[in-house]
A.B. asks: 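Take a look at the following structure, please.
Chain A is the first sequence line, chain B the second, and so forth, proteins listed ahead of strands; every chain is numbered from 1.
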Amino acid sequence: MSSLPAPSPPVTLETQPFWDAAAAGRLVLPRCDACTTVIWYPRAFCPACGSTAVCWIDAAGTGTVYSCTVVRKGQGAYREAAPYVVAYVELDEGPRMMTNVVGCDPDAVSIGMRVEVTFDATDKGTALPRFRPVGS
Amino acid sequence: MSIRGTAFVAGAFEHPRREIPDRTIPQIHGEVAMGALADAGLTLADVDGYFCAGDAPGLGGMSMAEYLGLHVRHIDATETGGSSYVVHVGHAAQAIAAGKCSVALITLAGNPRSGGFEGGGRAFASAPEGGFETVWGPTIVANYALAAQRHMYEFGTTSAQLAEIKVAAAAHAQHNPNAMLPRPVTIEEVLESPMVADPLHRLDCCVITDGGGALVVVSPEVARDLDRSCVKVLGAGEAVKHTDNGRVDLTYTGAVWSGPRAFEEAGVTPGDIDYASIYDSFTITVLETIEDLGFCEKGKGGAFVADGGLQSPNGRLPFNTDGGGLCNNHPANRGGMTKVIEAVRQLRDEAHPAVQVPDCQLAVAHGTGGSLATRMGSATLVLGREDA
């Protein structure tokens with residue numbers, strides 16, 4: 001667990017499998033049955049080919065920081081949380097997902113850093129996937 | 001069908017105030033509508049087309065047409081965030097060319113300074129991407145900072161180069177008596193201002209202001225009968241860039257598409273442009289946009305803006321001579337309207353003499369909406385003098 005706030009996400013019919021898996025400590029990704037494109041953000045529609053035959057695959061849970069920023073002034077649930085890192089992590093499956101990088105000094109996070117998934121439970125039974133430096 | 005020369009901007013008005021706690025948002029829409037119509041020499045009864053975006057309260061165009069007493073035969077409430085009003089000028093030209101209206105009114109108003117920042121939380125909560133971004137605490141500044149970090153990583157852009165953009169805007173704002181921040185600043189002052197989201201400092205960010213603006217776009221026949229010098233719409237391009245199924249590239253904007261579309265329609269190249277209004281929600285917004293519009297090679301924006309490159313009248317590309325969103329005004333957190341208005345001033349020789357581009361013949365007004373490089377509207381207008 002990181003010390004960051006873990007606001008509960010809006011869960012919809014399309015995204016429930018993602019959040020259910022996260023609650024169980026698994027990072028899953030939607031993949032199109034028709035064209036095999038890995039989809040992000042999760043949806044029951046393939047934006048590459050229009051197919052609605054979408055399945056869920058287990059992600060490796062590792063990736064590389066594509067970009068990152070240290071937020072010095074947070075808002076909303078994060079009002080008291082600064083400094084914290086918001087990043088895009090390029091998953092090994094291809095998609096770049098927004099997330100937080102935790103588990104190290106915010107100023108130590110840099111583009112190109114290898115990271116692995118970790119989960120922070122919300123107070124509504126779900127969990128947020130975040131990333132930490134590999135091996136930390 | 002090309003819109004080149006099918007429509008003219010006859011009226012432009014920017015609300016002079018930056019903090020307006022004593023007016024409702026519809027009232028401000030009304031004030032700027034009347035200001036732009038008076039500038040054109042027209043009246044509410046002449047208006048037969050109305051354009052507005054997400055800042056218009058109630059049922060948007062319907063509510064505002066009722067409030068303003070408009071009887072229109074064409075309405076367009078295209079919403080692409082801060083770029084909406086740049087889009088509207090192009091759409092108005094299309095509608096006029098198609099005979100759907102002959103006097104189009106475009107209005108913008110809002111009061112985020114006195115009325116509380118409208119972050120759009122309600123709309124975002126139901127957006128399909130909402131659960132996969134907001135839960136990680138990305139502020140608006142953070143979204144732009146992510147683009148800046150990647151641009152720096154790939155191209156070696158520096159914070160000092162970004163600061164040059166603010167320095168140029170501030171140098172212009174000192175001549176604008178209505179500017180929110182009229183004081184010139186130095187690169188050092190930008191770099192020493194508090195970090196908001198690395199690498200963006202407080203002075204890399206635009207102002208938050210109440211206010212608004214309006215434009216009147218008319219047919220050539222209407223323009224001919226007006227006493228006012230009008231500005232010719234030569235080309236318009238629009239684009240939506242999004243995260244592209246998670247394969248987002250933060251180093252470029254929708255201007256890579258909207259720019260060439262506008263230049264091609266106008267039959268000009270970036271090198272022909274005398275003045276550019278470039279959306280400046282943050283300094284990085286300007287840097288990426290200048291590259292994407294083709295004013296310089298991709299990745300070379302830092303060198304282009306350095307050494308006063310954006311300062312009027314002697315810089316490589318005089319920009320935002322009103323002080324822009326960085327220093328003058330960013331009404332309703334939507335800066336596209338004021339981008340068009342200052343371009344119109346330049347082409348009418350009505351900018352402040354200290355920043356007026358001599359013999360300004362061709363101008364660009366570019367709007368950015370939403371969040372830079374990720375989910376954004378992009379709109380480019382090429383405008384010329386009446387006889388262009």
A.B. asks: Are any side-chain N or O atoms of B/Y153 and backbone N or O atoms of A/S110, one a donor and one an acceptor, separated by less than 3.5 Å?
C.D. replies: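 Here the side-chain-to-backbone pair does not exist.
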A.B. asks: Checking the side chain of A/S67 only, and the main-chain atoms of B/L146 only, is there a donor and an acceptor separated by less than 3.5 Å?
C.D. replies: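 Flag set: sc A/S67 to bb B/L146 pair under 3.5 Å.
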A.B. asks: List the atom pairs, with distances to 0.1 Å, where a side-chain N or O of residues 31-48 of chain A and a protein N or O form a donor-acceptor pair under 3.5 Å, not counting sequence neighbours.
C.D. replies:
residue	atom	partner	partner atom	Å
A/R43	NE	A/Y41	O	3.0
A/R43	NH2	A/W40	O	3.0
A/R43	NH2	A/Y41	O	3.4

A.B. asks: Pick from A/V71, A/L91, A/I111, A/V86: which one has the most heavy-atom pairs with chain B under 4.5 Å?
C.D. replies: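 Ranked by contacts with chain B, first place is A/I111.
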A.B. asks: Taking the six-membered ring for Trp and the single ring otherwise, decide whether the centroids of A/Y88 and B/W136 are under 6.0 Å apart.
C.D. replies: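 Not under 6.0 Å, so no.
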A.B. asks: If contact means a heavy atom pair closer than 4.5 Å, which residues of residues 292-302 of chain B contact chain A?
C.D. replies: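 Answer by number: none.
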A.B. asks: Can you confirm whether A/Y66 sits close enough to B/R150 that some side-chain heavy atom of one is under 4.5 Å from a side-chain heavy atom of the other?
C.D. replies: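 A/Y66 reaches B/R150 side chain to side chain.
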A.B. asks: Can you name the nearest heavy-atom pair linking B/V135 to A/P7, along with the distance?
C.D. replies: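 Residues B/V135 and A/P7, closest heavy atoms: O-CG, 3.4 Å.
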A.B. asks: Please state whether the side chain, the backbone, both or neither of B/N143 comes within less than 4.5 Å of a heavy atom of chain A.
C.D. replies: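 Interface part for B/N143: side chain.
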A.B. asks: Side chains of B/T139 and A/Q75: does their closest heavy-atom pair fall under 4.5 Å?
C.D. replies: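 A side-chain contact exists here, since the closest heavy-atom pair is under 4.5 Å.
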A.B. asks: Quick one: closest heavy-atom pair of B/R247 and A/R96, and the distance?
C.D. replies: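 Closest heavy-atom pair between B/R247 and A/R96: O-NH1, 4.3 Å.
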A.B. asks: Relative to chain B, which segment of A/P129 carries a heavy atom at a distance below 4.5 Å: side chain, backbone, both, or neither?
C.D. replies: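 Backbone plus side chain of A/P129, per the 4.5 Å heavy-atom cut-off to chain B.
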A.B. asks: B/P138, B/A145, B/A148: which one forms the most heavy-atom pairs within less than 4.5 Å of chain A?
C.D. replies: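 Option with the greatest count: B/P138.
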